[in-house]
Amino acid sequence: MLIPLLTFAVRRRCLLVGGPGRGKTASAVLMGVLAGYPLREVRRAMQRGHPQLTIADLLGTPLPADLIKAERIGDIDIAWRSWLSMRVKIVDEYNRIPTRTQSALLTLMSDGYAEVFDQVYEAADSAWYLTANDDAGGGTYQVIEALRDRIDVVVHALQFNSRFLGELVTRIEQRLRPEEVVPPEIVFSEAEHERVCAEILRVPLPAPVLRRLEFFSAQFELLEQAGEQFEYRTKDTAKLAGVDPHLLAATETGRDRLADLGSQTLNGLSVRALQSTIAYAKALAYFRDREEVGLDDLRAVLPFVLHDKLVPDENSPAFEDPAHRPYRTDRVSWIRHLFDRACAEYDRIDLDADDPVGALLAEFDRGLDGVGEAEVTARLSRIEGLLADSSRSRKLYGHTYDDALALKYLHQRYVNYRSWLRWRP
């Protein structure tokens, strides 16, 4: 229940997955009740995915009288579905929705508006809960990649522990349903919901924790053989070209594929995934009543945010270790293991004490007011020295690749600034 609650607090998009009868829908309904909606309204507003679900079923239908009388398409009024205005939106079994209707759902989730007959409805900012069973039951559709990418966090509904079967006996005998017995003291009003969301965003993310997240996220995108130009040596370049990254990775030399965390994945991390990580880490720290985000907050939320974002390379030699074979299927433990490995490497090279690229970035962030040409030339000399040291190294890893790109960025900015100094009267 913790991750769905964090989703409610930060108004993002959560996917609950698992077999039938795991409580996915009940968890989503509970979030609607916590938002202050009557249980009956939450149930009626829930969108239930099925192969015949149309865009009109999802969003709304044109008024019949307008269809007859209207001379222009803009004259047709739409009877919008009431669920579009709710602060908690639930889509049950979203993988049973036809592809065309999925596209309408994507627009609503990503851009916050619905469009029917040229009429636009601006939907309320909300927390989204989508559920999905496995594909074995039939009637499922391939979820379009863009829609899957808009989901911020994935939670596996765990199996029921038979040691607590007595609780089910009590529930049956007393005719109890969890969503019907929510204490009113924990139900949020709209104003309280707004306040909590604002307070979560104000929780500080300290620089040492942010630096470890930077180091971790830098591990995965590099693919040296994907491009000639330095900036395009990435897995995304290979993906856009339709080339199997295994073919390119096989030609690489010099790097230890067991030590390189990037060799375990087929992709890197998107900006959207990193934003979700930061939001959920802040929310977890807030509910733990902490003054700032801790490294353990980050470690706790990363596996759920990156569950469907970080794609494992099952051919990686890292999975051949008998102790690591469960990571092929247990993505939560795998991602947590990757983060622990990254933090261990961060400590080994002692970046907290010796981070020359970080020092140069911090120096640049202080601004260029009053910085003269001589100082700019000196900074350029330090940048060029670091780039030369990097080019002499035979091994290029993800974090050193990102450092080199940052140095190139700084070099360009300083060269442009020095040109401006020389040009101005």
Flag the pair Asn133 / Lys24 as yes when at least one side-chain heavy-atom distance between them is below 4.5 Å, and no otherwise.
-> yes

Can you find a pair of side-chain heavy atoms, one from Leu15 and one from Tyr129, that are under 4.5 Å apart?
-> no

With a 4.0 Å cut-off, would you call [X] and [Y] a salt bridge?
X      : Y      : value
Asp296 : Arg288 : yes
Glu345 : Arg348 : yes
Glu384 : Lys408 : no
Glu192 : Arg195 : no
Asp313 : Lys235 : no

Locate the shortest heavy-atom distance separating [X] from [Y]; write the atom from each residue and the value.
X      : Y     : result
Arg100 : Ile55 : NH1-CD1, 3.9 Å
Leu16  : Cys14 : CD2-SG, 3.9 Å
Pro98  : His50 : CD-O, 3.5 Å

Would you call the rings of [X] and [Y] parallel, tilted or perpendicular, taking 30° and 60° as the class edges?
X      : Y      : result
Trp128 : Trp83  : perpendicular
Phe319 : Trp334 : tilted
Trp80  : Tyr121 : tilted

In terms of side-chain heavy atoms, does Asp92 have a donor or acceptor partner in Thr25 at a distance below 3.5 Å?
-> yes

Nearest 0.5 Å please: distance from the [atom1] atom of [X] over to the [atom2] atom of [Y].
X      : Y      : atom1 : atom2 : result
Glu373 : Leu421 : CD    : CG    : 6.5 Å
Arg12  : Ile151 : CZ    : CD1   : 13.0 Å
Asp297 : Leu302 : CG    : CG    : 11.0 Å
Cys343 : Phe216 : SG    : CZ    : 8.5 Å
Leu58  : Thr101 : CG    : OG1   : 7.0 Å

Do [X] and [Y] have their ring centres less than 6.0 Å from each other?
X      : Y      : value
Phe304 : His307 : no
Phe8   : Phe188 : yes
Phe215 : His399 : yes

Is atom CD of Glu291 surrounded by more than 12 heavy atoms (other residues, nucleotides or ligands) closer than 6.0 Å?
-> no

Taken in chain and number order and not counting sequence neighbours, the residues that satisfy ring pair (Phe, Tyr, Trp, His ring centres under 6.0 Å) with Phe230 are Tyr401

Might you work through the side chain to side chain contact (heavy atoms under 4.5 Å, CB included) test for Leu53 and Arg48, ending with a clear yes or no?
-> CA-CA 8 Å; Leu53 188 71; Arg48 292 170 174 82; over 6 Å; no

Partner of Pro312 by side chain to side chain contact (heavy atoms under 4.5 Å, CB included), out of Arg328, Gln264, Arg331 | Arg331

